[in-house]
Protein chains: 2
Amino acid sequence: MTATARTVPADSASADSSRADAASADSARISLAVSTVIFALRADADATAASLRLPLVRRIREPFKGRWALPGGPIEAAESLSAAAGRNLVETTGLRPTYLEQLYAFGDVDRSPGDRVVSIVYWALVRSEEADLAAEGDNVRWFPADDLPDLAFDHNTIVDYALWRLRTKMEYSRIAHAFLGETFTLSELREVHEAVLRRPIDPANFRRQMEGSKAIIATDQLLTGGRHRPPRLYRYNASVELTDNGPLTSS
Amino acid sequence: MTATARTVPADSASADSSRADAASADSARISLAVSTVIFALRADADATAASLRLPLVRRIREPFKGRWALPGGPIEAAESLSAAAGRNLVETTGLRPTYLEQLYAFGDVDRSPGDRVVSIVYWALVRSEEADLAAEGDNVRWFPADDLPDLAFDHNTIVDYALWRLRTKMEYSRIAHAFLGETFTLSELREVHEAVLRRPIDPANFRRQMEGSKAIIATDQLLTGGRHRPPRLYRYNASVELTDNGPLTSS
DNA sequence: GCAAAAGTGTTCCACATACACCCATGT
DNA sequence: ACATGGGTGTATGTGGAACACTTTTGC
């Protein structure tokens, strides 16, 4: 992460650097794209537990023709980066994200054979119920996030990083709500944590942490129809942000 | 942070999205730039404490001609994003960064009047001693990070976010070393924390936290010449990363 | 000796963990 | 009745905050 810059005489400073935010003929050759890592929790094949899954699209042209890749595309002149990512997501899956955040800008010189592409990558969470009716076909398919094939470009690296961010953020943020609907039981919320973090969590302690955090509000409703004692339904407390992104909450 | 995307028929998915990572005529109109928020700790005017400062460059052309702005410029075809940021930093200040990390990609449609510019912003830390001999002139000047004038573009927002990231990261990472030299006393390290976080820290507890973290190694040398009991010199433990950036440590 | 920073010891408290135990429901 | 998940109570441990106290230097 440390730059490999060399020292240079201090005098050469101001002339070049005053071109701040101006584009030259050089940078016009670099093309810009947006990609999105879309996570959903979906029932496993054996239906015993939910697991993290993400949709990929099959590339229909070179480079990496036939390989699976993250959904992505160019940015239109009149849309912001997050709007481009959101549009992208809708076009690929037909789903609306409940959470969308910029992940990282990937711009290594050789990440795309032939041309130079800088990809601004977003990551998103969609509700499980919605994900079940998501578009799937020959060119769009959902894969288990922890067991992907060899993807096009540096997309395996990108997914690894997105997974790391999701898991890190799950530990200190209220992000799990984004996988669930309007109301939910504490067990459902706990199962989201367990599926993402891949470890069991003590229900008793989880309850106290959540109730102490003021991130959820108990409703007066119980979920009946289960096989056992009906659990209370909770609602997300909209007055607390899902994640603390500092001064960048509104972009 | 939530996208404002609308739902769309699921069928329209694969055709467009398979253009992943390809650039169209649209995105060729968007120019790409790199900017850098460079932090150093420098002695205050009254020399009693150090404070966070950063170098800005004066814009010599429209838009925002005459306004102060973050150092930045275009990305060259053969350099990575971090290399562009590092070069940028050297050209502006003549300094070598001890820490350099991508901050965020800013790409709102109207952030630059007239044209559409996406700026990939890095933030950097440089050593205090080095910063004292940094280039400064009519078009490059250091400002206190917490008291900036009205900057060009959305650069005030960018600095606010960079400050938030620096302060957040200072709390859970070993990043403070980047402001210091090869060896340092615990007081110096603590003063870095105090200056960045703007609050006093108990020296006794700070010592135990640092020693317990294994991030620093005691040398057998004491720093003599002070007015009081000579403190021990410590060295940064290179075997632990400054920050945990997950699977992205080497880019 | 005195001032002041370096460095050590100890108490207190918040909070996470582990786990025993009671509650309410469907079968 | 009993199995099972919902929900409460409680002991133990860990780590930070607060602060008293000792050590070592310059003057």
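Every chain is numbered from 1 and lettered A, B, ... according to where its sequence line falls, protein lines coming before strand lines. The analysis underlying the following values was restricted to heavy atoms, covering all of them including side chains, and did not include hydrogens, waters or symmetry mates.
The separation between B/Leu222 atom CG and D/dG26 atom C1' is 15 Å, rounded to whole Å. With rounding to whole Å, B/Arg190 atom CZ is found 14 Å from D/dA17 atom P. One atom, CZ of B/Arg208, and another, P of C/dT11, lie 13 Å apart when rounded to the nearest Å. Taking atom CZ of A/Arg232 as the reference point, atom P of D/dG7 lies 7 Å away to the nearest angstrom. Taking atom CD1 of residue B/Ile201 and atom P of nucleotide C/dA5, one finds them 17 Å apart after rounding to whole Å. Atom NE2 in A/His228 sits roughly 13 Å away from atom P in D/dG7 (whole-Å rounding). Rounded to an integer number of Å, the gap from CD of A/Glu211 to P of C/dA16 is 13 Å. The interatomic distance linking B/Glu188 (CD) with C/dA5 (P) rounds to 14 Å, in whole Å.
When the nearest nucleotides of DNA chain C are assigned to B/Tyr234 and A/Gln209 by heavy-atom distance, the more 5′-ward of the two goes with B/Tyr234. Heavy-atom distances to DNA chain D give each of A/Arg229 and A/Pro203 a nearest nucleotide, and the one nearer the 5′ end belongs to A/Arg229.
One side chain, A/Glu101 or A/Tyr99, offers a donor N or O that lies under 3.5 Å from an acceptor on the other. Between the side chains of A/Ser119 and A/Arg111, at least one donor N or O sits under 3.5 Å from an acceptor N or O. A donor-acceptor contact under 3.5 angstrom links the side chains of A/Tyr234 and A/Glu211, judged on distance only.
Across all strands, B/Gly212 comes closer than 4.0 Å to no nucleic acid atom at all (heavy-atom distances). Contacts of A/Thr224 with the nucleic acid, taken as non-hydrogen atoms under 4.0 Å apart, are absent.
For the atom pair A/Leu81 CG and B/Phe106 CZ, the distance stands at 10.5 Å (nearest 0.5 Å).
Here A/Arg207 reaches the OP1 or OP2 of D/dG7: one of its side-chain N or O atoms lies under 4.0 Å away. A close approach under 4.0 Å does not occur between any side-chain nitrogen or oxygen of A/Thr185 and OP1 or OP2 of D/dG6.
Between A/Tyr161 and A/Tyr104, the ring-plane angle classifies as perpendicular under the 30° and 60° cut-offs.
Side-chain N/O atoms of A/Asn205 and base N/O atoms of C/dA18 include a donor-acceptor pair closer than 3.5 Å.
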